[in-house]
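Contents: one structure, followed by commentary.
Note that the coordinates shown come from a computational prediction; the quantities given were computed from them, not determined experimentally.
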Amino acid sequence: AILTALLDGYRERRQLPDLTHLDDFIATRDVAFGLWFVGMAQVNPAFAADLYKVMGSLQQSLDRVL
């Protein structure tokens, strides 16, 4: 329902592109963000404090798209 509403709203503004690889794009972005966050957590205590929470959120996202 949320995805449908999101796509309908997007279509109101512009033509929707081919979504064949949307899940691949989302997964790639999640992995890239996760790698960046882990790197930041190694040098910044504020990132380290949230590491498990962020990784859990990314895992849930990846579980949905893969």
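Scored by the salt bridge (charged side-chain N to carboxylate O under 4.0 Å, His left out) test, D8 finds R11 as partners (sequence neighbours excluded). Every residue two or more places apart in sequence or in another chain that forms a side-chain contact (heavy atoms from CB on, under 4.5 Å) with L19 is listed here: L7, L16, L22. The side chain to side chain donor-acceptor pair (under 3.5 Å) search around T20 returns D18, not counting sequence neighbours.
In this structure a side-chain-to-backbone donor-acceptor pair under 3.5 Å is present from T28 to D24.
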Enumerate donor-acceptor pairs with a distance under 3.5 Å from any side-chain N or O in residues 58-66 to protein atoms, sequence neighbours excluded.
from : atom 1 : to  : atom 2 : distance (Å)
Q59  : NE2    : D63 : OD1    : 2.8
S61  : OG     : D30 : OD2    : 2.5

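Counting only residues at least two apart or in different chains, ring-ring contact (aromatic ring centres under 6.0 Å, His included) contacts with residues 1-32 are absent. Annotation: ring-ring contact (aromatic ring centres under 6.0 Å, His included) contacts involving residues 41-66, sequence neighbours excluded, comprise W36-F47, F37-F47.
Criterion: ILVMFWY side-chain heavy atoms under 4.5 Å apart, direct or through other members. Under it, L51 and F33 are part of a common hydrophobic cluster.
In this structure, A41 and A48 approach most closely via the heavy-atom pair O-CB, 3.5 Å.
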